[in-house]
Asks: 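Once you've had a glance at the structure underneath, I'll fire off some questions.
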Amino acid sequence: MGIHLAYWFVPRDATDDSVRESYNAPGGRLIIRRSHNPAQTQVYFALRENSEEATAVHRQPVEQQKQFWADRFRDAGWQTGRFLDGMWDTEFFYSQEAVQVRTDTWSRGRVALVGDAGYCGSPYSGRGTSAALVGAYVLAGEINRNPADLPAAFATYRATLRPFVDRVQGEVNPKVLRFGFFRKARRESASSAPGRRQPRS
């Protein structure tokens with residue numbers, strides 16, 4: 001989907017309250033800070049970039065992944081310096097490209113796929129957990145109705161759930177993401193910072 005995500009912890013400091021904060025920077029960059037732990041703060045970096053380097057970096061050694069994020073965000077503003085300093089020392093670091101799983105079949109033999117394994121929405125749908133729970137419920141019901149005929153149960157599971165899954169996956173329109181990942185600096189006064197903090201929530 002051309003969106004890349006990284007997530008790690010940094011030490012919490014006096015500026016971190018329990019209200020989540022988001023910050024947009026030019027170049028398709030988004031930073032989120034979230035603190036619900038007295039000692040640590042969660043940092044999320046998100047990048048909108050379609051390149052072979054960005055796609056490949058998530059399979060590289062962790063140090064190379066960290067260098068990628070440092071290179072892409074070092075001039076982003078806000079608390080980026082603090083977050084990047086903490087990134088190098090963190091014991092927990094995760095980096096991945098946002099993708100969707102789209103497949104025509106969700107079963108083979110006696111095995112059926114449920115949730116993200118069969119019909120991942122993406123982090124931008126907000127429907128991944130719902131799809132997994134609804135899918136598990138429908139699958140269990142069809143197996144209960146056809147305990148001696150799993151192929152029939154799986155076929156009905158797919159036919160029943162497919163319209164819902166198509167709606168969940170269709171709600172993630174990459175064109176809409178440009179509003180959260182703007183490419184160029186928006187017009188600001190000369191004294192404004194290069195990025196823009198979103199309202200706290």
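Everything numeric in this text was worked out from a predicted model, so none of it was measured.
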Asks: Has the side chain of T90 got a donor or acceptor atom that lies under 3.5 Å from a matching backbone atom of M87?
Replies: no
Asks: Can you classify the ring geometry of H4 versus F68 as parallel (below 30°), tilted (30 to 60°) or perpendicular (above 60°)?
Replies: perpendicular
Asks: Identify the heavy atoms of S22 and L30 that sit nearest to each other, and give their distance.
Replies: CB-CD1, 4.4 Å
Asks: Could you tell me whether the side chain of R33 and the main chain of V19 form a donor-acceptor pair under 3.5 Å?
Replies: yes
Asks: Which atom names give the shortest non-hydrogen contact between A76 and A25, and what distance separates them?
Replies: O-CB, 3.7 Å
Asks: Heavy atoms, side chains only, cut-off 4.5 Å: are I32 and R20 in contact?
Replies: yes
Asks: Rounded to the nearest 0.5 Å, what separates atom CD in Q169 from atom CZ in R167?
Replies: 12.0 Å
Asks: For residues D16 and H36, determine if any side-chain heavy atom of one lies less than 4.5 Å from a side-chain heavy atom of the other.
Replies: no
Asks: Any chance you could measure I31, atom CD1, to Q79, atom CD, to the nearest 0.5 Å?
Replies: 9.0 Å
Asks: Using a 4.5 Å cut-off on heavy atoms from C-beta on, say whether the side chain of L47 contacts that of W69.
Replies: yes
Asks: Kindly compute the distance separating OG1 (T156) from CG (L139), expressed to the nearest 0.5 Å.
Replies: 10.5 Å
Asks: Assigning hydrophobic clusters by single linkage (Ile, Leu, Val, Met, Phe, Trp, Tyr; side-chain heavy-atom cutoff under 4.5 Å), is W88 placed with F93?
Replies: yes
Asks: Can you find a pair of side-chain heavy atoms, one from Y94 and one from H58, that are under 4.5 Å apart?
Replies: no
Asks: A side-chain contact here means heavy atoms from C-beta on lying under 4.5 Å apart; do T41 and R12 qualify?
Replies: yes
Asks: How many angstroms lie between CZ in F164 and CZ in R127, if you round to the nearest 0.5 Å?
Replies: 5.0 Å
Asks: Is there a path from Y119 to L133 through hydrophobic residues (I, L, V, M, F, W, Y) whose side chains come within less than 4.5 Å of each other?
Replies: no
Asks: Would you check if the distance from the ring center of W8 to the ring center of F45 is below 6.0 Å?
Replies: yes
Asks: Search all heavy atoms of L5 against all heavy atoms of A98 and return the closest pair with its distance.
Replies: CD1-CB, 4.4 Å
Asks: Which value, rounded to the nearest 0.5 Å, describes the distance between D71 atom CG and E53 atom CD?
Replies: 8.0 Å
Asks: Given the rule in the side-chain contact (heavy atoms from CB on, under 4.5 Å) test, do N146 and Y157 qualify, once you have shown the distances and angles that lead to the verdict?
Replies: CA-CA 11 Å; N146 297 278; Y157 159 61; over 6 Å; no
Asks: So, do N37 and F9 sit near enough that their side-chain heavy atoms are less than 4.5 Å apart?
Replies: no
Asks: Does some side-chain heavy atom of F154 sit less than 4.5 Å from a side-chain heavy atom of I143?
Replies: yes
Asks: Test of understanding: with ring-ring contact (aromatic ring centres under 6.0 Å, His included), list the residues that count as partners of Y44, not counting sequence neighbours.
Replies: Y7
Asks: Measure the spacing between CD of Q96 and CZ of R59 and express it to the nearest 0.5 Å.
Replies: 8.5 Å
Asks: State, yes or no, whether a side-chain contact exists between R82 and V43 at a heavy-atom distance under 4.5 Å.
Replies: no
Asks: Check whether any side-chain N or O of R158 sits under 3.5 Å from a backbone N or O of D104 as a donor-acceptor pair, and report yes or no.
Replies: yes
Asks: For D17 versus S35, what's the shortest heavy-atom pair and its separation?
Replies: O-CB, 3.5 Å
Asks: Which residue, F83, F73, W78, forms the ring pair (Phe, Tyr, Trp, His ring centres under 6.0 Å) with Y23?
Replies: W78
Asks: Can you tell me if S51 and E49 form a side-chain donor-acceptor pair at under 3.5 Å?
Replies: yes
